[in-house]
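To start, the structure itself, in structure tokens.
None of these values were measured; they are calculated from a predicted model.
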Amino acid sequence: YLFVLLFRKIFNLCTSEFIKMNIKLIAIGKTDNKNLQSLIDDYTKRLSFYIKFDLDIIADIKNVKNLSESQQKEKEGELILAKITPTDQLILLDENGKTFSSVAFSDELQKKMNSGIKTLVFVIGGPYGFSDEVYKKAFGKISLSQMTFSHQMVRLFFIEQLYRGFTILKNEPYHHQ
């Protein structure tokens, strides 16, 4: 166990100067709960010490009452796809995605950084999920839990897990096994 920690520390020190990956989180609709927004801002600030991170909020679609679920997903999908570039690697936060422990997620982040990806983009979809076009562009799907959370809470949970992942990679005392 100590050897693994030492190896991870040395590996991170050797590679951290050369890896310049950006992470973007795209979400639909603003966070209207001030307490949640305050925590999101706190973890976003903490995360900035490890990696360039952007939270990109897409405004809620207007007149959704006049749209079917499918039409709403299509409109949201168009807005999501407009926010990514051809070189971005898109990962969807989806209830049917792969689940990770915090340590396994940190390892996945390290693999992504080592692979030379310039921008890793995570997306929290709207209330009905993603359009087929968004699924086609995705490189993968992850799930935070089998439970259902509000989209506003998922933002906080996910940003906290990103922060936790980087503290694990740097062997900092935030995460306890």
Side-chain angles (χ1 to χ4, degrees), residues 1-29 31 33 35-57 80 84 88-127 129-130 134-135 138-177:
Y1 178 74
L2 289 174
F3 175 78
V4 171
L5 288 177
L6 180 62
F7 176 78
R8 190 181 263 172
K9 184 81 167 176
I10 292 169
F11 181 78
N12 288 334
L13 289 174
C14 292
T15 60
S16 63
E17 292 179 19
F18 304 106
I19 298 170
K20 298 294 180 202
M21 185 176 79
N22 302 318
I23 295 180
K24 183 193 303 189
L25 176 61
I26 299 173
I28 296 181
T31 302
N33 182 308
N35 294 320
L36 282 177
Q37 188 60 54
S38 176
L39 290 167
I40 289 168
D41 293 343
D42 179 50
Y43 280 102
T44 298
K45 182 178 176 184
R46 292 182 192 198
L47 190 54
S48 71
F49 292 105
Y50 301 96
I51 197 157
K52 184 177 182 319
F53 173 76
D54 293 307
L55 176 57
D56 194 345
I57 303 298
I80 290 166
I84 62 169
D88 292 346
Q89 189 168 102
L90 187 64
I91 307 290
L92 307 179
L93 275 71
D94 185 277
E95 62 188 1
N96 297 312
K98 181 177 179 182
T99 58
F100 291 93
S101 68
S102 294
V103 171
F105 182 62
S106 72
D107 290 338
E108 189 69 17
L109 289 171
Q110 187 67 64
K111 286 178 195 171
K112 298 289 185 191
M113 288 188 291
N114 292 347
S115 72
I117 296 168
K118 183 176 180 193
T119 305
L120 183 59
V121 180
F122 294 95
V123 183
I124 302 168
F130 299 102
V134 173
Y135 278 116
F139 282 78
K141 301 182 293 188
I142 64 171
S143 173
L144 293 179
S145 172
Q146 290 184 337
M147 300 173 99
T148 302
F149 302 110
S150 75
H151 284 69
Q152 294 181 29
M153 293 177 104
V154 168
R155 296 169 196 186
L156 171 61
F157 297 159
F158 184 71
I159 295 169
E160 189 278 339
Q161 283 300 301
L162 282 173
Y163 171 73
R164 181 178 297 273
F166 282 99
T167 64
I168 291 168
L169 291 174
K170 298 295 183 186
N171 292 312
E172 294 176 354
Y174 182 77
H175 179 75
H176 303 285
Q177 296 260 24

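The shortest side-chain heavy-atom distance between I91 and V121 does not fall under the 4.5 Å cut-off. Taking the side chain as every heavy atom from C-beta outward, L90 and F122 never approach each other to under 4.5 Å. Side-chain contact check for N33 versus Q37: every heavy-atom pair is 4.5 Å or farther apart. When side chains are defined from C-beta on, Q89 does not count as touching T119, because their heavy atoms never get closer than 4.5 Å.
I117 contributes atom CD1, which lies 12.0 Å from atom NZ of K111 (distance to the nearest 0.5 angstrom). Interatomic distance, CZ of F158 versus CZ of F149, reported as 14.0 Å (0.5 Å rounding). Note that CD1 of I28 and CD1 of I57 are 9.5 Å apart. Values are rounded to the nearest 0.5 Å. I142 contributes atom CD1, which lies 8.5 Å from atom CD of E108 (distance to the nearest 0.5 angstrom).
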Please walk me through it: do I80 and F130 pass side-chain contact (heavy atoms from CB on, under 4.5 Å)? CA-CA 9 Å; I80 290 166; F130 299 102; 4.2 Å; yes
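Considering only residues two or more places apart in sequence or on other chains, K52 meets the salt bridge (charged side-chain N to carboxylate O under 4.0 Å, His left out) condition with D54. Partners of D42 according to the side chain to side chain donor-acceptor pair (under 3.5 Å) rule, which considers only residues two or more places apart in sequence or in another chain, are R46. Looking at residues two or more places apart in sequence or on another chain, you find a side chain to side chain donor-acceptor pair (under 3.5 Å) between E172 and Y50. Every residue two or more places apart in sequence or in another chain was checked for a ring pair (Phe, Tyr, Trp, His ring centres under 6.0 Å) with F49, and none qualifies. Listed by chain and residue number, nothing satisfies the ring pair (Phe, Tyr, Trp, His ring centres under 6.0 Å) test with F53 (two or more places apart in sequence, or in another chain). For D56, the side chain to side chain contact (heavy atoms under 4.5 Å, CB included) criterion is met by K24, I26, K83, not counting sequence neighbours.
Sorted by first and then second residue, the side chain to side chain donor-acceptor pair (under 3.5 Å) pairs involving residues 140-153 (not counting sequence neighbours) are D32-Q152. Applying the side chain to side chain donor-acceptor pair (under 3.5 Å) definition to pairs two or more places apart or across chains, those involving residues 155-167 are T31-R155, S102-Q161, E160-R164, E160-Y174, R164-H175.
A side chain to side chain contact (heavy atoms under 4.5 Å, CB included) with I159 is found for exactly one of I23, L39, D41, I40, namely I40.
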Throw together a table of side-chain donor-acceptor distances under 3.5 angstrom for residues 92-101, partners on residues two or more places apart or in other chains.
{"from": "D94", "atom 1": "OD1", "to": "N96", "atom 2": "N", "distance (Å)": "2.8"}
{"from": "D94", "atom 1": "OD2", "to": "Y135", "atom 2": "OH", "distance (Å)": "2.5"}
{"from": "S101", "atom 1": "OG", "to": "A104", "atom 2": "N", "distance (Å)": "3.0"}

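The two residues L25 and V123 have their closest heavy-atom pair at CD1-N, 4.4 Å. Shortest non-hydrogen contact noted between S106 and V103 is OG-O, 2.7 Å.
With S115 contributing its side chain and K112 its backbone, the two residues share a donor-acceptor pair below 3.5 Å.
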